[in-house]
Amino acid sequence: MKKVSVLLADGFEEVEALTVVDLLRRATIYVDTVSITEEYTVHGSHGINVQTEDLFEEVNFVESDMIVLPGGMPGTKHLDEHAGVRRVVKDFFEDGKKIGAICAAPTVLSNLGILKGKRVTCYPAMEKEIQGAALTGAPVTVDGNIITSQGVGTAIDFALKLIEVLSGKEKAEEIAESIVYEKKKK
């Protein structure tokens, strides 16, 4: 079974984090919610508190196939300032393991220098913070082992893409159908 660690910091964007957790679990992907604070309860940016399964120090990230960084403020800043998060993200990148980041969270990757030459997307107001990458402006962008997305409005698309990357297109389509999700035609 695939394993994904979703890293939560105080001030995380609830919809971005919990949509990923919910849809991946529906796809029978093991999801571990991980607090980067010293408490199991993490406070979302809109006053929704979430009880996590683990504290950052309790997790052996070598066992994870993917890490996911939700956006939100000041959650993204807390992720970026956490030495352990920075180390794990860098390790995942260097090992070719999958990294998902949505909304403002791609800035954490940019600050580590791992988006240079990559195609990415992020929350439009954060684009100026992304250095050395080609910004696609798409709802979701995959470039190698990096999966990025724009924000709350693209959270379902992002979660379905993570499922596709981990378990295949058929499984992603099955989950989309089960939640009566139909992509808007543009």
Side-chain angles (χ1 to χ4, degrees), residues 4-21 24 31-37 42-46 56-57 59 61-62 64-166 186:
V4 175
S5 295
V6 178
L7 306 184
L8 300 180
D10 282 337
F12 73 95
E13 170 47 62
E14 296 96 334
V15 172
E16 295 165 2
L18 297 179
T19 300
V20 166
V21 173
L24 269 62
V31 180
D32 186 22
T33 54
V34 180
S35 169
I36 71 157
T37 74
V42 184
H43 310 286
S45 61
H46 297 94
F56 187 86
E57 292 76 22
V59 177
F61 288 99
V62 172
S64 296
D65 298 291
M66 175 187 284
I67 53 169
V68 177
L69 308 179
M73 286 297 178
T76 297
K77 287 182 181 175
H78 294 314
L79 290 171
D80 195 38
E81 293 166 352
H82 191 281
V85 169
R86 294 172 64 84
R87 176 185 43 78
V88 167
V89 169
K90 222 170 180 155
D91 288 349
F92 266 60
F93 180 73
E94 289 169 2
D95 293 343
K97 293 174 98 176
K98 297 180 182 4
I99 303 167
I102 183 169
C103 192
T107 61
V108 175
L109 310 182
S110 180
N111 291 342
L112 290 169
I114 64 177
L115 294 183
K116 286 184 179 31
K118 295 278 188 188
R119 296 177 66 251
V120 300
T121 195
C122 66
Y123 189 71
M126 301 306 291
E127 289 179 347
K128 64 188 177 303
E129 305 292 322
I130 304 293
Q131 303 300 315
L135 294 161
T136 67
V140 180
T141 300
V142 178
D143 190 336
N145 61 327
I146 308 282
I147 305 100
T148 53
S149 189
Q150 290 183 310
V152 171
T154 63
I156 292 176
D157 292 325
F158 179 59
L160 291 172
K161 184 56 76 174
L162 298 179
I163 293 167
E164 181 181 324
V165 165
L166 290 166
K186 290 189 176 186

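The analysis underlying the following values was restricted to heavy atoms, covering all of them including side chains, and did not include hydrogens, waters or symmetry mates.
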Nearest heavy-atom contact between S149 and F158 is CB-CD1, 3.4 Å

Is it the case that the side chain of D65 and the backbone of V4 share a donor-acceptor pair, with hydrogens and angles ignored and the cut-off at 3.5 Å? no

Do L115 and Q131 have side chains that approach each other closer than 4.5 Å (heavy atoms only, starting at C-beta)? no

So, Q150 side chain and V140 main chain: donor-acceptor pair closer than 3.5 Å or not? no

Counting C-beta onward and ignoring hydrogens, is there a side-chain heavy-atom pair between D143 and V120 closer than 4.5 Å? no

Donor-acceptor contact present, side-chain T141 to main-chain A138, <3.5 Å: no

Are the side chains of Y123 and T107 in contact, using a 4.5 Å heavy-atom criterion? no

Where do I67 and F61 come nearest, in terms of heavy atoms and distance? CG2-CD2, 4.2 Å

Ignoring hydrogens and geometry, is there a side-chain-to-backbone donor-acceptor pair from D80 to T76 under 3.5 Å? no

May I have the step-by-step check of side chain to side chain contact (heavy atoms under 4.5 Å, CB included) for V85 and L7, ending in yes or no? CA-CA 8 Å; V85 169; L7 306 184; 4.1 Å; yes

Short question: side chain of T121, backbone of T148 - any donor-acceptor pair under 3.5 Å? no

Neighbour count above 12 (heavy atom, 6.0 Å) for K161 NZ: no

Tightest non-hydrogen contact, residues P70 and A17, listed as CG-CB, 3.7 Å

Tell me, do E13 and S45 make a side-chain contact under 4.5 Å, heavy atoms counted? yes

Would you compute the distance between atom NZ of K90 and atom CG of D95 and round it to the nearest 0.5 angstrom? 13.0 Å

With a 3.5 Å distance limit and no angle check, can you tell me whether E16 reaches the backbone of G71 through a side-chain donor-acceptor pair? yes

If you measure from NZ on K118 to NZ on K116, what distance do you get to the nearest 0.5 Å? 13.0 Å

Test side chain to side chain contact (heavy atoms under 4.5 Å, CB included) applied to R86 and N111, step by step: CA-CA 9 Å; R86 294 172 64 84; N111 291 342; 4.2 Å; yes

If we only count heavy atoms from C-beta on, is the L8 to I36 side-chain gap below 4.5 Å? no

Residues I99 and F93: closest non-hydrogen pair is CD1-N, 3.7 Å

Given 3.5 Å as the limit, does a donor-acceptor pair link the side chain of S35 with the main chain of T37, or not? yes

For S110 and P106, indicate whether the former's side chain and the latter's backbone hold a donor-acceptor pair under 3.5 Å. no

Rounding to 0.5 Å, atoms CE (M66) and CG (L24) come to a distance of 7.0 Å

Partner set under salt bridge (charged side-chain N to carboxylate O under 4.0 Å, His left out) for D32, not counting sequence neighbours: none

Step by step, would you call I130 with L135 a side chain to side chain contact (heavy atoms under 4.5 Å, CB included)? CA-CA 8 Å; I130 304 293; L135 294 161; 4.1 Å; yes

H82 and F56: aromatic ring centres closer than 6.0 Å? yes

Closest approach of G75 to A9 (non-hydrogen atoms, all atoms of both residues): O-CB, 3.6 Å

Going through the distances and angles, do E127 and C122 end up as a side chain to side chain contact (heavy atoms under 4.5 Å, CB included)? CA-CA 6 Å; E127 289 179 347; C122 66; 3.7 Å; yes

Checking the side chain of K97 only, and the main-chain atoms of V62 only, is there a donor and an acceptor separated by less than 3.5 Å? yes

If you define the side chain from C-beta out and look only at heavy atoms, does anything of L69 sit under 4.5 Å from V89? yes

Any side-chain to backbone donor/acceptor pair from T154 onto G151? Under 3.5 Å, distance only. yes

